[in-house]
Amino acid sequence: MRKLTVVLWLVLLSTQAFSANWYLDSAAAGLGNGTNWANAWTTPSSVVWGGSGVKAGDTLWFSGNPTGKVYSSVLTFGASGNASSKIFVKISRDSGHNGVAVLPAFSINTRTNVTIDGSISDSFIPYTNPWLLDANTNNMGFRTIRTNGTGLYITGAGGIDTTVRWLEMGPHGTINNIGDVHSIQLQNLTEL
């Protein structure tokens, strides 16, 4: 009976999916494989998705800093989570990596079961007084700034079980085209 219990335990352990932490830091100088802060990916466009990269259940941590660490490319999701294991993209709270990350945009496209969480502190109490809403930016760890495109793009099935919180949008566009550029674009959303 003891051997059977050990065998069953090993089978369960081998079939259980383990979540991984991945890292993105524009100042990293290591291997660039996303496995830790020293070897972090340096641009959102270099993030590896699926198989040997970010997949269901995983968390991608962005490095920020108090004045806003700038990333030059869009983070385009290349994988979906699932109902029991979402993909999380979060701002870091680790010393030396905490603060704000500034990037052109997040493009979820048709990916599902994802969460973008820019909260700097879970204990932050949001302001509800409309005259004080600007003070909520104190807890926004992600900011999108772009002169020629959307800051958050979701289309098709992409809205299914997708959460976006503590994300500051803008400015987007220029004085010449401000009416043509949208901070948030939800397009042809479908329902399953």
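- Residues Thr150 and Ile184 fail the side-chain proximity criterion, which asks for heavy atoms closer than 4.5 Å.
- Of the possible polar contacts, one joining the Thr162 side chain to the Gly158 backbone as a donor-acceptor pair under 3.5 Å is found.
- Residue-environment remark: CG (Leu132) exceeds the threshold of 12 foreign heavy atoms within 6.0 Å.
- A 4.5 Å side-chain heavy-atom check between Val102 and Val100 finds at least one atom pair inside the cut-off.
- Note: the hydrophobic cluster containing Val47 also contains Val114 (ILVMFWY, side chain heavy atoms under 4.5 Å, direct or indirect links).
- Counting heavy atoms of neighbouring residues, nucleotides and ligands inside a 6.0 Å radius, atom CZ of Phe124 exceeds 12 of them.
- Looking at heavy atoms from C-beta onward, Trp37 lies in side-chain contact with Asp94 at the 4.5 angstrom threshold.
- Interatomic distance, CZ of Arg143 versus CD of Glu168, reported as 4.5 Å (0.5 Å rounding).
- A donor-acceptor contact under 3.5 angstrom links the side chains of Asn65 and Thr67, judged on distance only.
- Residues satisfying the side chain to side chain donor-acceptor pair (under 3.5 Å) test with Asn98, not counting sequence neighbours, are none.
- Each ring-ring contact (aromatic ring centres under 6.0 Å, His included) pair with one or both residues in residues 139-161, not counting sequence neighbours, appears once here: Phe62-Phe142, Phe106-Phe142.
- Ser19 and Gly57 get closest at one heavy-atom pair: CB-O, 2.8 Å.
- Between the Asp117 side chain and the Lys90 main chain, no donor and acceptor come within less than 3.5 Å of each other.
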From CA spacing to verdict: side chain to side chain donor-acceptor pair (under 3.5 Å), Ser119, Arg93: CA-CA 9 Å; Ser119 62; Arg93 296 177 184 169; 3.0 Å; yes
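- Side-chain N/O atoms of Thr155 and Gln187 include no donor and acceptor closer than 3.5 Å.
- The OG1 atom of Thr163 sits 9.5 Å away from atom CG of Asn113, with the distance rounded to the nearest 0.5 Å.
- The shortest non-hydrogen separation linking Ser85 to Ala56 is O-CB, 3.4 Å.
- Side-chain atoms of Asn138 come within 3.5 Å of backbone N or O of Ala135 as a donor-acceptor pair.
- For the atom pair CG (Asn33) and CG (Leu31), the distance works out to 5.0 Å, reported to the nearest 0.5 Å.
- Under the 4.5 Å side-chain heavy-atom criterion for ILVMFWY residues, no single connected hydrophobic cluster contains both Val89 and Met140.
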Give the C-alpha distance, both sets of side-chain angles, the deciding distance and a yes or no for side chain to side chain donor-acceptor pair (under 3.5 Å) between Thr115 and Lys86. CA-CA 7 Å; Thr115 293; Lys86 294 178 87 168; 2.9 Å; yes
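- Applying the side chain to side chain donor-acceptor pair (under 3.5 Å) criterion to Ser63, with sequence neighbours excluded, gives Lys69, His97.
- Using a 4.5 Å heavy-atom cutoff, the side chains of Ile91 and Trp166 are not in contact.
- Without hydrogens or angle criteria, Asn188 side chain to Gly156 main chain gives no donor-acceptor distance under 3.5 Å.
- When all heavy atoms are compared, the tightest approach of Ile145 to Gly170 is CG1-O, 3.7 Å.
- Between Pro44 and Val74, the shortest heavy-atom contact is CB-O, 3.6 Å.
- Side chains of Leu103 and Arg146 form no contact here, defined as non-hydrogen atoms less than 4.5 Å apart.
- In this structure a side-chain-to-backbone donor-acceptor pair under 3.5 Å is present from Ser73 to Ser45.
- Relative ring orientation between Trp22 and Trp41 is described as parallel, the plane-to-plane angle staying below 30° on a 0-90° scale split at 30° and 60°.
- Here the CD1-CD1 distance, from Ile154 to Ile160, works out to 11.5 Å after rounding to the nearest 0.5 Å.
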In sequence, state the C-alpha distance, the side-chain angles, and the governing distance for Trp49 and Asp58, and then conclude on side-chain contact (heavy atoms from CB on, under 4.5 Å). CA-CA 10 Å; Trp49 296 93; Asp58 291 355; over 6 Å; no
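- The distance from the CG atom of Asn109 to the OG atom of Ser80 is 10.0 Å, given to the nearest 0.5 Å.
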side-chain contact (heavy atoms from CB on, under 4.5 Å), that's the test. Do Asp25 and Trp61 meet it? Break it down for me. CA-CA 9 Å; Asp25 181 359; Trp61 294 97; over 6 Å; no
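- Remark: Met169 CE to Leu167 CG distance equals 5.0 Å, nearest 0.5 Å.
- In terms of modelled atom types and a separation under 3.5 Å, the side chain of Tyr71 and the main chain of Leu24 share a donor-acceptor contact.
- If you chain together hydrophobic residues whose side chains sit under 4.5 Å apart, Phe77 and Leu189 fall into the same group.
- Only one option out of Thr144, Ile108, Leu186 pairs with Leu152 in a side-chain contact (heavy atoms from CB on, under 4.5 Å); it is Ile108.
- Looking only at distances, a side-chain donor or acceptor of Ser46 sits under 3.5 Å from a matching main-chain atom of Thr43.
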